[in-house]
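Counting starts at 1 for both ligands and their atoms, following the listed order.
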Amino acid sequence: MLVAITRSVSPNLGRCELEYFARHPIDIALACEQHRRYERCLESLGARVISLPAEPDLPDSVFVEDPAVVLDEIAVITRMGVESRRDEAPTLAEALAPFRALHSIDAPGTLEGGDVIRIGRTLFVGLSHRTNAAGSDQLAAHLAPFGYNVKPVPVSGCLHLKSAACSLGDDRILINRAWVDPAAFESFRLIDVPADEPWAANVLPFGGTVLCSAAFPATRVLLDGAGYRTMALDVSELAKAEGALTCSSLIFRAKSPGAEKI
Ligand code: CIR
């Protein structure tokens with residue numbers, strides 16, 4: 001059974017962190033509706049959605065991808081690059097504890113899940129404003145006993161590595177080469193986002209479908225043409241907070257902690 005942990009939109013999402021976007025008013029009721037549709041979509045594709053209650057004092061807490069990295073064997077609770085988001089971790093750790101043994105990233109390390117792309121036993125870790133080399137090294141140390149290989153990848157011009165590139169669930173990667181050196185992904189086939197949709201690389205392959213943002217129709221056409229089954233979701237309000245498709249869920253296979261084999 002695949003589990004997707006999500007968290008309802010904070011009524012204070014309008015006070016979110018922003019790195020690259022100008023602040024625009026966010027329609028909270030619409031953001032909640034879009035988020036519920038996202039959850040229903042994951043359910044329809046086969047996930048058991050565990051929806052955590054909203055955290056009014058934590059504006060960015062809907063973006064549950066960032067405070068944790070969940071592997072088949074363990075989960076690593078991250079130390080986020082911005083102070084305002086660090087209190088998101090404890091309740092997420094509580095939600096993950098029934099499923100995985102928990103490890104953590106500690107100071108001076110910083111790491112956000114949006115900077116981590118896992119493909120098989122390789123984790124590409126974006127070195128961004130939010131994730132530093134110490135965070136990446138700590139992640140590598142936690143995961144080495146399980147046979148994972150961590151490859152740090154410099155990212156510039158966008159929030160996270162997953163703003164610049166995402167796995168399409170096979171041997172292909174959707175990428176904006178302006179923000180990440182494609183040499184990092186030399187053993188993969190690359191699909192470039194259309195020039196007029198630079199923020200479109202953040203897509204979520206799940207349940208045989210690639211979830212795309214409705215704001216990027218040319219990217220969807222491109223992926224349809226490449227043979228993917230796609231589905232467009234309107235995430236306009238979460239996008240104003242610099243969120244996209246991967247950031248609002250933590251998806252993993254259900255399993256009790258302690259069941260892992262080294
Ligand atoms: C932030 O700046 O942390 C949030 N406003 C957006 C986080 C989006 N996270 C993600 O794409 N993984």
Side-chain angles (χ1 to χ4, degrees), residues 4-28 31 34-35 38 42 52 54-70 75-89 92 105 110-118 123-132 135-136 139 153 155-167 174-176 179-180 193 198-206 211-213 215-216 233 235-252:
I5 293 184
T6 60
R7 176 157 21 219
S8 298
V9 175
S10 164
N12 289 308
L13 178 63
R15 300 212 307 262
C16 63
E17 294 284 342
L18 291 174
E19 292 271 349
Y20 290 92
F21 291 6
R23 197 168 294 279
H24 292 288
I26 294 178
D27 179 336
I28 297 296
Q34 290 176 346
H35 186 255
Y38 173 86
L42 292 177
L52 305 179
E55 292 280 354
D57 295 336
L58 299 170
D60 279 306
S61 52
V62 63
F63 302 124
V64 290
E65 173 176 60
D66 296 319
V69 178
V70 186
V76 179
I77 303 302
T78 71
R79 178 171 178 270
M80 280 189 279
V82 279
E83 187 86 45
S84 72
R85 297 200 58 192
R86 292 198 182 140
D87 286 347
E88 295 173 27
L92 202 58
I105 302 294
T110 63
L111 187 114
E112 298 193 356
D115 274 316
V116 180
I117 300 175
R118 185 184 71 79
L123 275 80
F124 297 93
V125 176
L127 300 179
S128 66
H129 287 171
R130 301 292 182 86
T131 295
N132 63 19
S136 173
L139 185 69
V153 182
V155 175
S156 64
C158 62
L159 179 58
H160 288 132
L161 176 59
K162 278 195 225 175
S163 325
C166 274
S167 165
L174 184 63
I175 188 167
N176 178 340
W179 296 335
V180 64
V193 292
W199 290 95
N202 189 278
V203 293
L204 177 58
F206 182 69
L211 302 181
C212 308
S213 165
F216 306 123
L233 285 176
V235 288
S236 65
E237 302 313 292
L238 299 173
K240 290 176 190 168
E242 262 179 88
L245 274 306
T246 63
C247 55
S248 298
S249 57
L250 270 176
I251 299 177
F252 56 89

Residue of the set Leu58, Leu250, Leu92 for which side chain to side chain contact (heavy atoms under 4.5 Å, CB included) holds with Arg7:
Leu92

When you measure from atom 10 (C) of ligand 1 to every protein heavy atom, which one gives the shortest distance, and what is it?
Cys247 CB, 2.9 Å

Of all protein heavy atoms, the one nearest atom 9 (N) of ligand 1 is Asp66 OD2, 2.8 Å

Show me which atoms of ligand 1 lie under 4.0 Å from any heavy atom of Ala241.
4 (C), 5 (N), 6 (C)

Answer yes or no: is there a donor N or O on one side and an acceptor on the other, between the side chain of Arg23 and the main chain of Cys16, under 3.5 Å?
yes

So, do Phe21 and Trp199 have ring centers that fall under 6.0 Å from each other?
yes

Which of the ligand 1 atoms, numbered from 1, are nearer than 4.0 Å to a heavy atom of Gly114
12 (N)

For atom 8 (C) of ligand 1, the protein heavy atom that lies nearest, with its residue and separation:
Glu242 O, 3.4 Å

Within ligand 1, which atoms have a heavy atom of Glu65 less than 4.0 Å away?
10 (C), 12 (N)

Please state whether Arg130 comes within less than 4.0 angstrom of ligand 1, counting heavy atoms only.
yes

Side-chain (Asn202) to main-chain (Lys162) donor-acceptor, under 3.5 angstrom
yes

State which residues pass side-chain contact (heavy atoms from CB on, under 4.5 Å) with Arg79; sequence neighbours excluded, sorted by chain then number.
Arg86, Ile105, Ala107, Thr110

Using a 4.0 Å heavy-atom cut-off, which part of Met80 comes near ligand 1: side chain, backbone, both, or neither?
neither

State the atoms of ligand 1, each with its element, that fall below the 4.0 Å cut-off from a heavy-atom position in His160.
9 (N), 10 (C), 11 (O), 12 (N)

When rounded to the nearest 0.5 angstrom, what distance separates CG in Asp60 from CG in Asp66?
8.0 Å

Are any side-chain N or O atoms of Ser163 and backbone N or O atoms of His160, one a donor and one an acceptor, separated by less than 3.5 Å?
yes

